[in-house]
Number of protein chains: 2
Amino acid sequence: MRYSKQREAINTYLQGTTCHPTAEEVYEQVKHEIHDISLATVYRNLKQLQELNLIKRLDTGEGEARFDADLSDHSHFLCERCGNVYDLFDELVAPEDIADKLGKGFTVGRKMIYAYGVCDKCNK
Amino acid sequence: MRYSKQREAINTYLQGTTCHPTAEEVYEQVKHEIHDISLATVYRNLKQLQELNLIKRLDTGEGEARFDADLSDHSHFLCERCGNVYDLFDELVAPEDIADKLGKGFTVGRKMIYAYGVCDKCNK
DNA sequence: GTATTTGCAAACGTTTTGCGGCTAC
DNA sequence: GTAGCCGCAAAACGTTTGCAAATAC
């Protein structure tokens with residue numbers, strides 16, 4: 001894989017944020033630095049970074065994917081009122097637990113946990 | 001809400017299957033019974049049934065949503081080789097546990113757990 | 001020099017919507 | 001009679017792709 005300032009900028013932005021942006025949001029942010037970057041390039045690089053296991057893709061059910069550079073085994077909480085996505089670092093279930101419960105012969109590579117509700121700020 | 005034979009057929013089909021079909025698959029199946037049903041009607045009714053909490057929508061990250069009439073609190077395992085979706089009925093985490101771990105003020109309504117790997121049949 | 005990446009525009013697949021006609025009640 | 005539903009076709013949406021020009025090395 002060859003260097004490109006576009007990929008560098010996308011990766012750097014994702015590494016430095018905890019806000020789980022969508023592709024569109026990544027595009028808007030990186031545009032501040034690289035004015036003529038295209039949305040297609042953002043999508044292409046997000047896909048490559050996923051394949052290199054440098055970022056994770058979150059399919060939260062909102063219609064558009066979100067991206068997360070934090071590779072630690074954690075879950076996400078989506079506030080249905082404000083739309084914020086919160087990290088939940090307590091490991092809730094280990095992949096091995098899931099494999100055990102599925103039964104003999106199953107191999108679990110990864111898991112995604114999404115919780116939905118109302119956050120503390122919106123509950124006030 | 002008014003009765004319609006289309007909605008009835010969609011709901012009946014979903015209640016009677018455990019295969020987590022996509023909208024397209026629901027359409028293909030229900031067409032056996034109602035030959036001139038349209039895909040738009042399937043989508044409209046799937047959305048209504050969701051809103052009535054009669055079915056759940058699964059966003060597995062495959063690009064298309066799947067639908068599940070089993071409302072019990074369970075998880076899903078997707079085999080990345082054969083594409084099958086398996087139910088996992090052992091309750092892995094309770095919503096209350098998640099709320100506890102998020103902290104004071106958070107309310108968790110529902111959660112979705114998706115595990116990915118290779119199933120017993122494909123592992124042979 | 002050449003293989004990879006880019007921006008652009010067009011295409012894609014899934015889902016939603018506008019509309020005029022039909023149906024439940 | 002009328003509000004809600006239908007089928008159809010077109011639009012909308014997020015995402016991917018084909019292409020010729022630019023870039024990394």
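So that the names make sense, note that chain A is the first sequence line, chain B the second, and so on, each numbered from 1.
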4.5 Å side-chain heavy-atom contact, Asp73(B) and Pro95(B)
yes

Which is it for Leu58(A) and Tyr114(A) under the side chain to side chain contact (heavy atoms under 4.5 Å, CB included) test, yes or no, and what are the steps along the way?
CA-CA 9 Å; Leu58(A) 311 182; Tyr114(A) 305 101; 4.1 Å; yes

Nearest-angstrom distance from the residue atom CD1 of Ile34(B) to P of dC22(C)
18 Å

Kindly give the heavy-atom pair with the smallest separation between Gly83(A) and Arg66(A), and that separation in Å.
O-NH2, 3.8 Å

Using a heavy-atom cut-off of under 4.0 Å over every strand shown, decide if Gln6(A) touches base, sugar-phosphate, or nothing.
sugar-phosphate

Closer than 3.5 angstrom, by distance alone: can the side chain of Ser72(B) be matched with the main-chain N or O of His74(B) as a donor-acceptor pair?
no

Backbone N or O of Gly105(B) within a donor-acceptor pair of the Asn123(A) side chain at under 3.5 Å?
yes

What is the distance, rounded to the nearest whole Å, between atom CD of Glu51(B) and atom P of dG4(D)?
14 Å

Do any N or O atoms from the side chain of Asp87(A) and from the backbone of Phe89(A) form a donor-acceptor pair under 3.5 angstrom?
no

Quickly work out the Leu46(A) CG to dT5(C) C1' distance and round it to whole Å.
15 Å

Can any side-chain N or O of Thr12(B) pair as donor or acceptor with the backbone N or O of Glu8(B) at less than 3.5 Å?
yes

Close approaches to DNA chain C from residues 37-45 of chain A, in residue order (heavy atom, under 4.0 Å)
Ile37(A), Ser38(A), Ala40(A), Thr41(A), Arg44(A), Asn45(A)

DNA chain D contacts among residues 62-70 of chain B, heavy-atom distance under 4.0 Å:
none

Residue pair Phe67(A) / Ala23(A): nearest heavy atoms and the distance that separates them:
CE1-N, 3.9 Å

Quick check against the 3.5 Å criterion: does Lys111(B) have a side-chain atom that pairs as donor or acceptor with the backbone of Val93(B)?
yes

Measure the distance from CD on Glu25(A) to P on dG14(D) and round it to the nearest whole Å.
11 Å

What is the separation between atom CD1 on Ile10(B) and atom C1' on dC6(D), rounded to the nearest whole Å?
11 Å

Does dT16(D) have its OP1 or OP2 closer than 4.0 Å to a side-chain nitrogen or oxygen of Lys47(A)?
yes

Measure the distance from CD on Gln48(A) to P on dT4(C) and round it to the nearest whole Å.
11 Å

Nucleotide by nucleotide, nucleotides 20-25 of chain D touches protein heavy atoms under 4.0 Å in the pattern (B base, S sugar-phosphate only, - none) ---BBS

Can you measure Glu24(B) atom CD to dT16(C) atom P for me and round it to whole angstrom units?
14 Å

Just by distance, do the side chain of Glu25(B) and the backbone of Thr22(B) share a donor-acceptor pair under 3.5 Å?
yes

Rounded to whole Å, how long is the line connecting atom OH of Tyr27(B) with atom P of dG13(C)?
16 Å

Exam field: side chain Asn84(B) to backbone Cys79(B), donor-acceptor pair closer than 3.5 Å:
no

